[in-house]
Amino acid sequence: MDCQCLDVAKDCIKVLQKQFPESKRVGRLEGILLEAKGLWAEAEKAYSSLLEDNPLDPVLHKRRVAIAKAQGNFPTAIEWLNKYLETFMADHDAWRELAEIYVSLQMYKQAAFCYEELILSQPTVPLYHLAYADVLYTLGGVDNILLAKKYYASTIDLTGGKNTKALFGICLCSSAIAQLTKGRNKEDKESPELQSLAAAALEKDYKQRAPAKLLLLTSALKSLKTS
Amino acid sequence: MGELKYELSQNAYIKLVLQARKHKTAAVNGVLLGRVSPQNDAVVEIADSVPLFHSHLGLLPNLEISLIMIEEHYSAQGLGIVGYFHANERFDDLELDSIAKNIGNHICRYFPQCAVLLLDNKKLEALPKGKDRSPVMQLYIRDASKNWKLVGSDGGCQLLTKEPAANAVLSDYISSEKWQDVVDFDDHLDDISKDWLNPDLFK
């Protein structure tokens, strides 16, 4: 089905059906074939009837979300995904999917919530720290950006300093905080060391692996420092 | 907005479509680099493009970094950011989403004649079969009330490729799976040895 050979898929499913007449896995494949053909209503019906017999089958629930998403029906996809997560709250892929849908709709607060759940359950996965930091930065405001900086720092920690996006993130945060707090009396001035360290790490990396872009990088970092 | 002609260079055009083709199941975006034609200020020459991201298009940090570096690089050639390219995740989705509009609005602050191009997948699919020379993209311009409007073929503004055979070259590249070689800014941030300028793509 992934190769769009729907006739071949149909034949395969027929054979499977003969061998395993009551199998719910074959039932799911039939549903997926209907999806591949774009027959959304029929696919939905197929999954709903399968769900009556197997109400706790996570794959069936997720296929229904997939149908909503494929039709561009994001409110329904979000609603079903949220309901699914009430029961299956340990499903990390589902949390990630929900976060990505929220980001694509620019619903950043909700996306942040998803990443918070992911970080709580899997605190050593740098991907979630990085994504959370990105969302916080996008939300904006001094508090969010300060928090974003912390999560970029934790990403760098978890990745041994090798994550380019996190290093850039530190520089962006420092620059944004400096701009936002200009003229304010800050008792605890933001230490510039973190930004310098991140900048130095980036320059070292670019010198080694992308020397053609080093000048660009240096000037970009300079403009972040002075802005 | 007067009757503007947007002249898209073959390389700029192909790079963006190849990027979209490489990430078929994701939304992708890119920026257009160019200038108002020194000979005719009713023509915007889009000389080049940089494919940007294929994930998390709605997040700011990577976008900000990319725009800083891209502007820096191209200003040395007398070119600026003149537009934005977007390809939706779903095949038949021809709606300009809020992310595209927001980025378009941002570019308009620096270049009021900013063009937003949206990939038309149906046209792209029909490419090898037809002899259509028009780009497989829809052109959106911001009107006086700051709304993004689709420019129809009867409208005043126009989008065309500088080289008339661009679609033929594009079809060629797609069938030879050239899209595997395209590098976007996302790829660069994951591995900085990958060059978002794609210097060897068309060699």
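The structure presented is a predicted model; accordingly, all values stated were derived computationally and were not measured.
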Heavy-atom distance under 4.5 Å to chain A: side chain of B/Leu189, backbone, both or neither?
both
What about the rings of B/Tyr173 and B/Phe202, do their centers lie closer together than 6.0 Å?
yes
Separation of A/Thr155 OG1 from A/Tyr128 OH (nearest 0.5 Å):
13.0 Å
With a 4.5 angstrom heavy-atom cut-off, which part of B/Glu71 approaches chain A: side chain, backbone, both or neither?
neither
When the 4.5 angstrom heavy-atom criterion is applied to A/Asn163 and chain B, the contacting part is neither
Let me know if A/Tyr152 has heavy atoms under 4.5 Å from chain B in its side chain, its backbone, both or neither.
side chain
Using heavy-atom distances under 4.5 Å, tell me whether A/Lys162 contacts chain B through its side chain, its backbone, both, or neither.
neither
Are B/Phe185 and B/Trp196, when compared by the centres of their aromatic rings, separated by less than 6.0 Å?
yes
Counting only heavy atoms closer than 4.5 Å, note whether A/Gln208 contacts chain B via side chain, backbone, both or neither.
neither
Please determine whether a side-chain nitrogen of the Lys or Arg among B/Asp184 and B/Lys22 lies less than 4.0 Å from a carboxylate oxygen of the Asp or Glu.
no
Closest-packed option against chain A by number of heavy-atom pairs under 4.5 Å, given B/Glu64, B/Glu72, B/Arg90:
B/Arg90
Side chain, backbone, both or neither: which part of B/Asn102 has a heavy atom under 4.5 Å from chain A?
side chain
Please tell me whether B/His56 and A/Tyr137 form a close aromatic pair, meaning their ring centres lie under 6.0 Å apart.
no
B/Arg142 versus B/Asn105, side-chain donor and acceptor atoms under 3.5 Å
yes
Can you confirm whether A/Arg209 is buried at CZ, in the sense that more than 12 heavy atoms of other residues, nucleotides or ligands lie under 6.0 Å from that atom?
yes
Among the listed options A/Leu215, A/Leu217, A/Leu139, A/Leu172, the residue most often paired with chain B at heavy-atom distances under 4.5 Å:
A/Leu172
Where on A/Ala70 is there a heavy atom nearer than 4.5 Å to chain B: the side chain, the backbone, both, or neither?
backbone
Pick from B/Ala27, B/Ala76, B/Ser98 with the largest number of heavy-atom pairs that fall under 4.5 Å of chain A:
B/Ser98
